[in-house]
Amino acid sequence: MEKAYQPQQVEDRIYQYWLEIGAFDAEVNLDKQPYCIVIPPPNVTGVLHMGHALEHTIQDLLTRWHRMRGYEALWLPGTDHAGIATQNVVEAMLAEEGLTRHDLGREKFVARVWQVKEEHHREITDQLRREGVSVDWRRERFTLDEGLSRAVREAFVTLYEQGLIYRGARMINWCPRCGTGLSDLEVERELAQGHLWYIRYPEPDGGPGVVVATTRPETMLGDTAVAVHPQDERYKEMIGKTVILPLMKREIPIVADDYIDMEFGTGALKVTPAHDPNDLEIGQRHQLPSVVVIDRDGKMTEATGPYAGLDRYECREQVVADLKEQGLLERIEDYQHTPGRCERCNTVIEPLVSTQWFVQMAPLAAEGLAAVDNKKVRFIPERWTKVYREWLENIEDWCISRQLWWGHRIPVWYCDDCGEQTCAREDPTQCVHCSSENIQQDPDVLDTWFSSALWPFSTLGWPDETPELEYFYPTSVMNPGYDIIFFWVARMIMMGRHLVGEEPFSEVFLHGLVRDEHGQKMSKSQGNAVDPIELMDEYGADAMRLALCQLITHGQDVTYSPDRMVGARNFCNKLWNASRFVIMNLEDMQSVELESAQLSLADRWILSRHSRMLAEVQRQLDGYNLAQAAEAIYDYVWGEFCDWYAEIAKIDLYADEDSSRRKTVQTILYILLDEILRTIHPFMPFITEEIWQRLPQSGETISRQPYPQSQEQWRDEEAEEQMSLLQTVITQIRALRAELTISPGQPADVTVIAPNDETISLIASQQEAIASLATVEELNLATAPAEPPQDALSAVSKGMQIYLHLPGTLDIEEEIKRIRREINELEKLRKRSVGKLQNSDFLNKAPDEVVSKEREKLAEFDRDLQKLWDQIKLLSSASR
RNA sequence: GGGCGGAUAGCUCAGUUGGCUAGAGCGCCUGCUUUACACGCAGGAAGUCGCAGGUUCGAGUCCUGCUCCGCCCA
């Protein structure tokens with residue numbers, strides 16, 4: 001074996017091997033419990049970032065863990081066509097060639113997108129493989145593939161037939177750059193520095209009229225009223241009268257409406273029903289006409305007369321300039337507002353009335369709420385339930401049509417002759433209403449999230465009643481970031497219940513977002529994004545995975561830490577070398593039966609600690625505490641198995657070749673290493689498989705071995721206590737040596753004064769370990785010193801006094817000072833303890849257990865203090 | 001405006017039902033080529049657990065208020 005672990009020599013080969021043997025293939029198997037995770041499908045044009053790496057690490061861990069626990073574990077991979085995002089990417093590529101999608105035409109453009117999709121898809125799946133994902137590639141799906149398209153079609157038609165999908169003209173969010181309508185969720189509000197323009201609308205007779213305040217002066221061209229609050233004393237007399245809309249010279253009424261905020265601006269609101277949702281409502285209440293002044297390209301319409309054709313922002317400047325010139329611009333204030341922006345291109349969206357397809361959400365939201373009310377779906381962490389619930393309780397209808405080319409076409413045909421709609425599962429050749437063959441399919445496509453909403457069941461074969469759907473659905477756990485609870489999780493739950501009749505998963509384990517080492521959001525534009533590929537190149541996939549696991553906290557954002565990568569990489573190497581050590585010493589192994597073997601203290605101790613660790617890992621994984629599970633393994637492997645057991649094991653390993661002790665130790669090392677590897681495997685699949693293959697075993701892959709379980713019969717409280725005492729002795733001797741900077745190779749003589757014979761015989765039985773681990777030559781033991789050594793440094797702990805005999809002479813003054821420092825520390829603790837025990841409330845109210853523990857503590861403090869004082873006395877008399 | 005999360009060692013974070021002499025990794029200091037590992041070993045320094053109150057025998061942990069940071073919704 002190499003002296004250091006070389007991930008790059010291992011990972012590709014191991015992954016290939018897994019694929020060859022079908023290690024991750026899952027089948028319908030009624031003898032086993034199903035466990036299923038469907039991957040949140042990455043956008044097919046995106047690049048996998050740290051968030052994906054985190055997500056895949058979690059899901060792979062859960063899947064491998066369950067697979068080893070005997071579940072039929074399916075992790076189903078796939079990618080998302082990501083309608084608008086992908087179309088934008090390809091349009092940007094075309095733009096570099098000086099082309100637009102219209103230059104190519106719909107068919108060629110879509111063909112081009114498919115081509116780009118293939119390239120990106122390869123990169124994405126390559127990266128997934130590098131991460132070590134144990135997905136069943138045979139079952140990989142794509143939201144636009146044939147089966148899923150059929151699911152989309154079925155879902156749409158079903159909802160249409162149920163009246164839950166309808167077409168209508170409503171005010172929607174329009175992105176002038178993308179040229180499509182958007183759902184409310186795809187609009188982001190971002191604080192921006194803007195202005196508040198105060199514009200005077202004079203009366204027809206030249207009277208002063210009213211002053212309105214607006215953040216969007218260009219929309220005034222479409223004003224059809226001014227609204228004031230009915231109780232507003234300033235404007236009471238104006239209500240019902242008219243003013244002249246400047247620039248357009250249109251006479252518009254002043255109406256009274258409760259919606260108006262008297263505190264805002266002048267308390268008078270210009271009403272533009274065509275370009276603001278609130279204004280639209282006011283307009284409807286007062287039967288105001290609607291004048292469309294901004295078109296779908298963000299340009300001014302013919303209705304704006306001289307401004308027609310101007311871009312909305314050019315128009316804004318022009319309108320302001322013209323108003324100023326006419327003396328109608330009263331003032332301009334700085335103002336912070338939050339204009340809506342397109343999630344994909346950051347363009348300020350334009351609210352406008354448009355005919356679109358909608359999903360009626362109220363009935364579906366009720367289903368979504370029922371899912372959590374009936375505890376069919378559990379959120380982890382639980383607090384997200386509230387977020388989910390509140391969104392569903394206040395939901396608006398979902399605009400699902402997009403004026404894009406990349407996506408699922410809306411399965412509706414319009415009849416040129418009778419004007420009716422035909423919505424069908426199979427492409428119709430004629431109108432169902434009048435049988436005319438002059439029918440045209442709706443040119444629009446569906447919101448990409450419509451197909452995503454079906455993902456957990458469409459990937460399993462729905463609408464067909466496949467065995468997979470029957471067996472794996474509902475899936476076990478969904479593991480998305482909390483940022484897509486609304487976009488995705490809620491919609492999957494609603495659609496799953498509504499269309500399949502059951503919730504799509506029973507648990508939603510949400511993870512946070514990955515931030516850079518300064519806590520900033522990672523983004524390509526800011527240049528602070530960390531590329532998982534680079535991390536895996538540098539540290540290996542296992543190290544990255546372990547580091548991510550260590551950083552995962554429940555639903556909290558994860559701050560990327562390069563230090564963690566180094567630490568995790570080092571742990572890989574530690575594991576590698578510990579294994580190297582064990583394997584090197586296993587060549588002549590003849591296993592013994594542990595039940596009948598003579599076990600040493602260290603043997604009993606490590607078996608007990610090992611068993612405890614397994615129980616802890618199980619407990620933490622059950623609670624989705626992945627970091628704590630990883631920590632339990634890490635601490636045990638490094639701090640106990642390597643630092644103590646392996647060191648002590650060397651004594652027997654390097655002794656007599658045929659001794660039974662050697663065989664016993666070999667057996668234990670083998671058993672423990674095998675279990676350690678299996679325990680860590682879900683966290684670090686590559687290195688554990690690589691090492692496991694070198695163990696003397698005949699299995700095919702570690703990924704299909706049973707997951708180790710805590711063995712109750714290995715628990716040994718006595719061994720743990722005794723070992724703890726032994727560790728104290730060794731640690732104290734080492735500390736004394738370090739105090740004197742005695743070189744590690746130089747053996748020292750030690751005297752231990754122990755409180756009782758029991759302790760003496762325990763330490764005596766561990767002489768070899770002490771000699772080896774603390775480099776001790778002569779070890780003297782006694783319950784009381786016949787003659788206290790005066791040429792020695794001493795330490796006191798757990799009722800024992802440990803003397804390190806010096807080769808030279810002791811600096812008595814220094815030693816006294818050192819002991820006094822120790823006494824000071826102990827005195828503080830003693831005082832606290834005494835305080836507690838003198839408090840009658842504590843004695844009466846605290847549980848007996850806590851009180852007696854406190855008494856023991858105090859006794860130990862007293863005992864140790866006494867020893868330290870004795871030592872000082874001794875040294876003082878010696879110095880005189 | 002409503003809601004949620006965070007604030008613990010220099011940095012990144014654990015600390016699950018209150019009992020803690022508050023832990024880990026990295027960093028820092030001292031010593032060490034000890035036959036698995038210098039990606040290592042041994043030893044060590046380092047925190048009034050955001051602030052102010054309260055409940056309790058006992059609070060990093062529970063309650064109230066506040067400050068700052070971040071996020072979501074309007």
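So that the names make sense, note that chain A is the first sequence line, chain B the second, and so on, each numbered from 1.
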Assess whether a salt bridge exists between A:R216 and A:E350, defined as any Lys/Arg side-chain N lying under 4.0 Å from an Asp/Glu carboxylate O.
yes
Quick one: does NZ or CZ of A:R344 land under 6.0 Å from the six-membered ring centre of A:W449, within 45 degrees of the ring axis?
no
Looking at A:D652 and A:R662, is any side-chain nitrogen of the basic one under 4.0 Å from a carboxylate oxygen of the acidic one?
no
Quantified in whole Å, what is the C1' atom distance between nucleotide B:rA45 and nucleotide B:rC26?
16 Å
Need one value for A:F861: base, sugar-phosphate or nothing, where a base atom within 4.0 Å counts as base even if backbone is also close, heavy atoms only.
base
How are the rings of A:F641 and A:Y636 set to each other: parallel, tilted or perpendicular (split at 30° and 60°)?
tilted
Which residue in the set A:R830, A:R832, A:K836 passes salt bridge (Lys or Arg N to Asp or Glu O under 4.0 Å) when paired with A:E854?
A:K836
Tell me: CZ of A:R832 to C1' of B:rA22, nearest whole Å?
10 Å
In whole angstrom, give the distance that lies between atom CG of A:L513 and atom C1' of B:rG6.
14 Å
When rounded to the nearest 0.5 angstrom, what is the spacing between CG in A:N479 and CZ in A:F509?
6.0 Å
B:rG65 versus B:rC29 - spacing of their C1' atoms, nearest Å
43 Å
Mutual orientation of the aromatic rings belonging to A:Y654 and A:F581 [parallel < 30°, tilted 30-60°, perpendicular > 60°]:
perpendicular
For the P atoms, the ones on B:rA46 and on B:rU64, what distance do you get once it is rounded to whole angstrom?
36 Å
When we call it a touch if two heavy atoms are under 4.0 Å apart, what does A:P562 touch: a base, just sugar-phosphate, or nothing?
nothing
Ring centroids only, cut at 6.0 angstrom: are A:F379 and A:W384 within range, meaning strictly under it?
no
Could you state the OH-P distance from A:Y645 to B:rA36, rounded to the nearest angstrom?
16 Å
Considering only NZ, NE, NH1 and NH2 on the basic side and carboxylate oxygens on the acidic side, decide whether A:R609 and A:E720 come within less than 4.0 Å.
yes
Ion pair check, A:E856 and A:K853, cut-off under 4.0 Å:
no
Measure CD/A:E827 against C1'/B:rU21 and give the value in whole Å, please.
14 Å
Distance between P atoms of B:rG70 and B:rC32 (Å, rounded)
48 Å
Sticking with atom C1', work out how far B:rA9 lies from B:rC49, rounded to a whole angstrom.
10 Å
Under 4.0 Å between any heavy atoms, over every strand shown, what does A:R515 touch: base, sugar-phosphate, or nothing? Just pick one.
sugar-phosphate
Rounded to whole angstroms, how far apart are CD on A:E188 and P on B:rC71?
12 Å
Taking the side chain as C-beta and beyond, is there a heavy-atom pair between A:Q8 and A:E11 under 4.5 Å?
no
Flag side-chain contact, heavy atom, 4.5 Å: A:Y560 against A:M522:
yes
Dot-bracket notation for RNA chain B, counting Watson-Crick and G-U pairs under 3.5 Å, with | for partners on another strand
(((((((..((((.....[...)))).(((((.......))))).....(((((..]....)))))))))))).
Closest to the 5' end of RNA chain B, once A:L829 and A:Y654 are matched to their nearest nucleotides, is A:L829
How does protein reach along nucleotides 37-45 of chain B, written 5' to 3' as B (base within reach of a heavy atom under 4.0 Å), S (only sugar-phosphate), or - (no contact)?
BSBSSSS--
Heavy-atom contacts, protein to nucleotides 8-16 of chain B, under 4.0 Å, summarised as B (base), S (sugar-phosphate only) or - (none) per nt, yield ----BSSSB
Rounded distance in Å - CD (A:E190) to P (B:rC72):
10 Å
For B:rU61 and B:rG25, measure between their P atoms and round to the nearest Å.
25 Å
Taking the nucleotide of RNA chain B with the closest heavy atom to each, which residue, A:E854 or A:F641, is nearer the 5' end?
A:E854
To the nearest Å, give me how far apart CD (A:Q838) and C1' (B:rG58) are.
16 Å
Without decimals, in angstroms, what is the distance between A:N394 CG and B:rG1 P?
19 Å
Whole-angstrom distance between B:rC41 and B:rG47, as gauged at atom P
26 Å
Could you tell me how far B:rG60 sits from B:rU48 if I compare only their C1' atoms? Round to whole Å.
12 Å
Decide, yes or no, whether a salt bridge links A:R612 with A:E616 under the criterion of side-chain N to carboxylate O below 4.0 Å.
no
